[in-house]
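Data block below; observations after.
All values derive from a computational prediction rather than experimental measurement. Lettering of chains follows the sequences in order, A, B, ..., and the numbering in each one begins at 1.
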Amino acid sequence: MQWWCSASGKPWTWEPQFYPGVWLAMIVLIVAFGILARRGRALGESRLVFWSGWTAVGLVWQSLDWPLGPLAAGYLASAHALQFLTLALVAPPLILLATRKPLAAAVPTAGRGRAVAMFLTQPIIAGVLFNLVTIATHVPGVVDTLMPTQLGAFAIDLLWFSGGIVLWWPLVVPAPSRAWFGAPVRMLYLFFATLVHTGIAMVMLVREFPMYGIYELAPPWEVWTPIEDQHLAGGVMELAGAAVIFGIITVMFFRWTGGVAGDNAPKAPPRD
Amino acid sequence: MHPPRPLLLLGTVALILSACSAPAPRHGAALDPPVPRPSFTLTSTDGTPYDFARATRGRLTFLFFGYTNCPDICPVTVANVAAVLHKLPFEDQQRATFVFVTTDPARDTLPALRAWLDHFDKGFVGLRGDITQVDSLMGMLGIPPSIRGPATGPKGQYEVGHAAAVLVFTADNLAHVLYPFGTRQIDWAEDIPRLLKVRAR
């Protein structure tokens, strides 16, 4: 039985496939998110944020399950890039946003747990970890070795999602709080922490020959060639990734300048 | 100051030797002894007899046995060679010939063969013959014969088991290397220029 989507080498078929491992993982995510998101609602989180979180859970599901999951695992680098964007850059911030209040409350206030939380959510550590995951999971030798096995493909998916949670935690979850991590630093953090993935996208865009053997030697996808697919993957990572990152940085910038302007704006004299 | 005479002599010898021998290909399986360019005649996609030895003598020639209904190996192999050939300088492209011999003459009619090859390169040669003729040719080259699988599809579709390797003949009319399935474009890109440097004997 095929538990997780992996590169099978068989010709692509539009006949739906069932992956029990994906369903089990989704049950775990749905239950965990459901509990935390309900607590978040009880703590005053808005309905929009709550439903955005559920949408993100749905996005995780559709990126892991048929058809995108198997397409990404063994046929199209562009589908793999879309999966990376969803699992690492789009779903984690939305999931964290809907659960940030209960998550912040769950951060230990003392002891070893506190020390671990402080270390993992330290922005420099988080940024380095995310970039290490991004680099390691895009090295051709690693991808070509891991993707044909179910465990390897699962590991890559899990690393992307976990890496995304680590990357976004310092920006979204208010605990552990750091006085120095204000809006300008947050913008710089997001910019620099996602530079590596932009670099990988550039390499994919300019390479003359396909980088990944699993996509190059996969049964052909009629619509485009492996190198066109790789360029599309690079484009997806570059453009869609930039849209997410710079979209969020822009929102952060206007919120910050709005806040600063509001704070510095001359106040009207009190009326008698 | 002039270099010592023995050193000069050694340098000259090295220069002559390097000009004579082409760099060895880095990928594929070496054939020892090399396979001589075979002599056979099959029907090409324009309906005329194609004398392989005469038409390709002295040219870099890729010989591949496959079938157009192949779902994976054949299209990937042909596409990879085509992608790399297209990136070569024009003069080098003109020195190479890709010959595809069908192992499924029952379904691969000449127009079907032509239409399929045209997806990759309009200059690729498609050849068709009697299956016993093709099998004996493959045997002559040390390639196992094709095997027609059982009908599995609703319309009686079947697959054909066949060797998934490309035999490459160089200008010396020998095949020194056999490239198995799994040869990447980057591997072809590294080896084709080396294979083009092999001189005629």
Walk me through it: do A:Trp168 and A:Phe130 pass the test ring pair (Phe, Tyr, Trp, His ring centres under 6.0 Å)? CA-CA 10 Å; A:Trp168 291 98; A:Phe130 177 74; 8.4 Å; no
Enumerate the inter-chain donor-acceptor pairs under 3.5 Å for chain A and chain B, one line per pair.
unit_1: A:Glu208; atom_1: O; unit_2: B:Lys87; atom_2: NZ; d: 3.2
unit_1: A:Pro210; atom_1: O; unit_2: B:Arg184; atom_2: NH2; d: 3.0
unit_1: A:Met211; atom_1: O; unit_2: B:Arg184; atom_2: NH2; d: 3.1
unit_1: A:Glu216; atom_1: OE1; unit_2: B:Arg184; atom_2: NE; d: 2.5
unit_1: A:Glu216; atom_1: OE1; unit_2: B:Arg184; atom_2: NH2; d: 3.2
unit_1: A:Glu216; atom_1: OE2; unit_2: B:Asn80; atom_2: ND2; d: 3.2
unit_1: A:Glu216; atom_1: OE2; unit_2: B:Gln185; atom_2: N; d: 2.5

Hey, could you give me the CZ/CG distance between B:Phe100 and B:Leu113, rounded to the nearest 0.5 Å? 6.5 Å
Is A:Val57 close to A:Trp61 at the side-chain level, that is, under 4.5 Å between some pair of heavy atoms? no
Report the distance from atom CD1 of A:Ile95 to atom CZ of A:Phe161, rounding to the nearest 0.5 Å. 4.0 Å
Chain B contacts, top residue of A:Ala218, A:Pro210, A:Pro226 (heavy-atom pairs, under 4.5 Å): A:Pro210
How far apart are the closest heavy atoms of A:Ala73 and A:Ala7, and which atoms are they? O-CB, 3.4 Å
For A:Leu151, look at atom CG and say whether over 12 heavy atoms of other residues, nucleotides or ligands are found less than 6.0 Å away. no
